[in-house]
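Bear in mind the structure is a predicted one, so any value in this text is a computation, not a measurement. Here is the naming used below: chain letters follow the sequence lines, and residue numbers restart at 1 for every chain.
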Amino acid sequence: MAQGLDIDWTYAIDAIPLLLEGAKLTVVITFFGLIIGFVIGVLTGLARGSDNKLIKGIATGYVEVIRGTPIMVQALYIYFAIPQLLGVDIPSLNASIAAIAINSGAYIAEVVRGSVQSIDRGQVEAGRSLGLSRIQTFYHVVWPQAFKRMIPPLGNQFIISLKDTSLLAVIGVGELTRQGQIAVANNFRAFEIWTAVGVIYLAITLSLTFVLRRMERRLNVR
Amino acid sequence: MIIQVRNLHKSFGSLEVLKEINCTIEEREVACVIGPSGSGKSTFLRCLNLLEEITRGNVIVNGNDLTDPQTDLNHVRTEVGMVFQQFNLFPHRTVMENLTLAPMKVRKESKEQAGEKALQLLEKVGLQEKADVYPDKLSGGQKQRVAIARALAMNPKVMLFDEPTSALDPELVGEVLAVMKDLAKEGMTMVVVTHEMGFAREVADRVIFMDQGKFVEENTPAQLFTNPAHERTRLFLNKIL
């Protein structure tokens, strides 16, 4: 049996600039991916509750396809399969953001749909009986209450998406996990490097959790 | 007349809940609708502002036929206030904001204008000191009084009450009925679905007894309560009085 190496944290410290560069990209991909994903999710979630069968069908199909396939396959598809079909290259960063957006959008759609549907029908009736239009009732009455209920599950999805970016190493984008692989390839110090990588992920997710919790608290006070 | 109902039918799927209802409500009239649960009272009331779709027949409110696709329903609804059994206050808005939302968004009133009127209405229902609290800090009776004030903020021509005291603890019923009595005295046209026979007897100009989706009998409270014409009315009254 191979003898374990002594742990030497200087390897991790030396790798920090490289890893932080990756962390920056991880944050960028997550941030833009989730902003777009949120927009997709809201539109799709509302479309799922639509009376129009075509709109509802498209939205449902999207959610089922994305939820039914792994994000890694989706990323490979966006980065390799679609360019082959269209004959254009997609930069790996753009493909990464697209993968997070499209993937999170499907889950966020379900969060949006569930929250909106959970608002008591009496709220809509009260709004409509006062003469508010359908859109006004939604905007002023239903959405603010639904949004409050969305925050915990949205926070969950944000953290999942952030961690999902690690799978984007397969399309070569230099996010945190990819940089970790490079560092380990250089110095073979797997224990130190992967510990450092894990700590950085944890620091990012805990910061995100902190922000979300504050937001939730503020909205609960109203 | 302010409300005219002609040959109204309403079905949920194959279940017919309203059968050929004809009725008119005159201005300044207070009509109470009574009857066993499942008789269609609430559905009837909800057809008067089209919260329930009408299967057949016509409901004409203030000259507007609700079943006519040309009718601006949102506008008609501003003239028909509704008070719900479960209050349905907006929990994310203060009492004041509950009252000013529709006047500001629908009538385009300024915040000051809507706020001033809201304060007057809150004073009327005895809750001016609650203007800035959220609904979850109110008792059931207070919530319902706010809900009445909220409906009044649109200056409706008629008020519909859907079992307004049924969700209240017994000791809170009185304060809501008192507000409704004041309203009736001021000449508000009211249609009230209720189980409060005392209120119906005292305040109503007309009591309508419904059973199995039909208007079985309508009369002055004195006549209907003391001398019902139909056996079914008599049986119902015997059970509850």
Checklist entry - Of all of B:Q86, B:M82, B:R150, which one pairs up most often with chain A through heavy atoms under 4.5 Å apart? => result B:R150

Item to check | Flag, side chain of B:S39 to backbone of B:P36, donor-acceptor distance under 3.5 Å | outcome: yes

Next on the checklist: Check whether B:N98 reaches the backbone of B:L89 with its side chain - one donor and one acceptor, N or O, closer than 3.5 Å.
Outcome noted: no

Item to check | Lys/Arg-Asp/Glu bridge criterion (N-O < 4.0 Å) met for A:K148, A:E216 | outcome: no

Checklist entry - Hey, are A:T177 and A:Y201 close enough side-chain-wise for a donor-acceptor pair under 3.5 Å? => result yes

Checklist entry - So, does A:Y62 use its side chain to make a donor-acceptor pair with the main chain of A:A106 at under 3.5 Å? => result yes

Checklist entry - Is a donor on one side and an acceptor on the other found under 3.5 Å between the side chain of B:R145 and the backbone of B:G140? => result no

Checklist entry - Quick one: which residues of residues 100-111 of chain B reach chain A at under 4.5 angstrom, heavy atoms only? => result B:L101, B:A102, B:K105, B:V106, B:K108

Checklist entry - Does the pair B:F161 and B:F84 meet the rule for a ring pair (Phe, Tyr, Trp, His ring centres under 6.0 Å), with working shown? => result CA-CA 6 Å; B:F161 293 84; B:F84 300 87; over 10 Å; no

Checklist entry - When only heavy atoms count and the cut-off is under 4.5 Å, which of residues 124-134 of chain A reach chain B? => result A:E125, A:A126, A:G127, A:R128, A:S129, A:L130, A:G131, A:L132, A:S133

Checklist entry - Heavy-atom distance under 4.5 Å between the side chains of B:E163 and B:S42, does that happen here? => result yes

Checklist entry - For B:V158, does its backbone N or O pair with a side-chain atom of B:T189 as donor and acceptor, under 3.5 Å? => result no

Item to check | Shortest non-hydrogen separation from A:I100 to A:D164 and the atoms involved | outcome: CD1-CB, 4.3 Å

Item to check | Ion pair B:E53/B:K10, N-O distance below 4.0 Å | outcome: no

Checklist entry - Would you say B:P156 and B:T78 make side-chain contact, with heavy atoms under 4.5 Å? => result no

Checklist entry - Would you say B:S11's side chain and B:S14's backbone share a donor-acceptor pair under 3.5 angstrom? => result no

Checklist entry - Are any side-chain N or O atoms of B:E29 and backbone N or O atoms of B:E26, one a donor and one an acceptor, separated by less than 3.5 Å? => result yes

Checklist outcome for this item: Expected contact set for residues 54-73 of chain B against chain A at heavy-atom separation under 4.5 Å reads none

Item to check | Members of residues 72-83 of chain A whose heavy atoms come closer than 4.5 Å to chain B | outcome: none

Checklist entry - Does any heavy atom of chain A fall under 4.5 Å from the side chain of B:L160, the backbone, both, or neither of them? => result neither

Next on the checklist: Please check: side-chain N/O of B:Q144 versus main-chain N/O of B:L177, any donor-acceptor pairing under 3.5 Å?
Outcome noted: no

Checklist entry - Under 30°, 30 to 60°, or over 60°: which ring-plane class applies to A:F138 and A:W143, parallel, tilted or perpendicular? => result tilted

Next on the checklist: Would you say A:T60 and A:E64 are linked by a side-chain donor-acceptor pair, where the criterion is simply a distance under 3.5 Å?
Outcome noted: no

